[in-house]
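Worksheet: the structure to be examined is printed underneath.
Excluded from the calculations below are hydrogen atoms, water molecules and symmetry mates; all remaining heavy atoms, backbone and side chain alike, are included. Just so it is clear, the structure is predicted and the values come from calculations on it, not from any experiment.
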Amino acid sequence: MAYLSAVTLLWAFSFSLIGVYLAGQVDSWFSVLMRVALASLVFIPFLKFKGVEKSLIAKMMVIGGFQLGLMYCFYYQSFLHLSVPEVLLFTVMTPIYIALINDILERRFTPGYIISALIAVLGAVGIRYQGIDEGFIQGFLLVQGANLCFGLGQVAYKRLMANNPTDLPQLTLFGWFFIGAFIVVVPCFLALGNTDKLPTTNLQWGILVYLGVIASGVGYFA
């Protein structure tokens, strides 16, 4: 519980930092690239190349590609369409996706999760009932794409580690998770990034470092 509390505190600042200081000012694809690249650098020194099954490495990279790579691509784009409170509200559906995905894999169904999802959607509509437009709908779908990628990654990583017991510390394996994400975001930046909108202030660079090293690097491992 201590780890969850600490990570919640770390991540609590991320929404406002992205929405206020980065979204619309710094190219979102570059922000994603920097966040994943810096998080990767945190774990590369500990990475084990020998004594690790190639299949385990490949699976971790695929999971990282979904949970961080694709998730951040959706997530950062959503700030171009939604306010910070709206993004926050829509992310409450993430644990619902995690539970539903796990239910599907366990071949069971819990209707309470669907009810929770509907309540969250109604709450969002209540906030923007006079301003629902195409941008709002796009933002909603982008956040749901991010939520789904995160949920898939959470469930897959837990099951992967449970089904592949190893004597190696997770610290020596976790770098593959971020390398998988890096492989996803690099072509996205090369294809869609705008090099005319790179960070221009020390504050923006500092926020990128915080989000990459602390929020993603330390936060995800914890």
Discussion item. Looking at Gln25 and Val20, would you say the former's side chain and the latter's main chain have a donor-acceptor pair under 3.5 Å?
Written reply: yes
Discussion item. Quick check against the 3.5 Å criterion: does Lys197 have a side-chain atom that pairs as donor or acceptor with the backbone of Gly24?
Written reply: yes
Discussion item. Are Leu203 and Phe30 connected into the same hydrophobic cluster when the rule is that any two of I, L, V, M, F, W, Y join if their side-chain heavy atoms are below 4.5 Å apart?
Written reply: yes
Worksheet item: Do Trp205 and Leu17 sit in the same hydrophobic cluster, where Ile, Leu, Val, Met, Phe, Trp and Tyr count as joined when their side-chain heavy atoms come under 4.5 Å apart?
Response: yes
Worksheet item: Parallel under 30°, tilted from 30 to 60°, perpendicular over 60°: which one fits the rings of Tyr75 and Tyr72?
Response: tilted
Worksheet item: What is the ring orientation for Phe15 with Phe79, classed by angle as parallel under 30°, tilted 30 to 60°, or perpendicular over 60°?
Response: tilted
Item to complete: Using the side-chain contact (heavy atoms from CB on, under 4.5 Å) rule, take Ser14 and Arg35 through it: C-alpha gap first, then chi angles, then the decisive distance, then the call.
Response: CA-CA 11 Å; Ser14 300; Arg35 186 163 184 172; 4.1 Å; yes
Item to complete: Please answer whether the main-chain N or O of Ile98 pairs with a side-chain N or O of Asn102 as donor and acceptor at a distance below 3.5 Å.
Response: no
Worksheet item: Quick one: do Ile104 and Ile63 end up in the same hydrophobic cluster if we chain Ile, Leu, Val, Met, Phe, Trp and Tyr together by side-chain heavy atoms under 4.5 Å apart?
Response: no
Worksheet item: Side chain of Gln67, backbone of Gly64: donor and acceptor closer than 3.5 Å?
Response: no
Worksheet item: Below 4.5 Å, heavy atoms only, C-beta onward: do Tyr220 and Leu68 meet side chain to side chain?
Response: yes
Item to complete: Look at the aromatic rings of Phe43 and Phe174 and report parallel, tilted or perpendicular, splitting at 30° and 60°.
Response: perpendicular
Worksheet item: Any side-chain heavy-atom pair from Val7 and Val218 closer than 4.5 angstrom?
Response: no
Item to complete: Kindly say whether Phe13 contributes a backbone atom to a donor-acceptor pair with the side chain of Ser16 at under 3.5 angstrom?
Response: no
Item to complete: Kindly compute the distance separating CG (Leu211) from CG (Leu22), expressed to the nearest 0.5 Å.
Response: 6.5 Å
Worksheet item: Under 4.5 Å between any side-chain heavy atoms of Thr172 and Pro169, yes or no?
Response: yes
Item to complete: With ring pair (Phe, Tyr, Trp, His ring centres under 6.0 Å) as the test, would you mind laying out the steps for Phe90 and Phe136 before giving the verdict?
Response: CA-CA 11 Å; Phe90 287 148; Phe136 178 79; 5.8 Å; yes
Practice prompt. Please confirm whether the backbone N or O of Asn194 pairs with a side-chain atom of Asp27, one donor and one acceptor, at under 3.5 Å?
Written response: yes
Worksheet item: In terms of side-chain heavy atoms, does Gln144 have a donor or acceptor partner in Tyr97 at a distance below 3.5 Å?
Response: yes
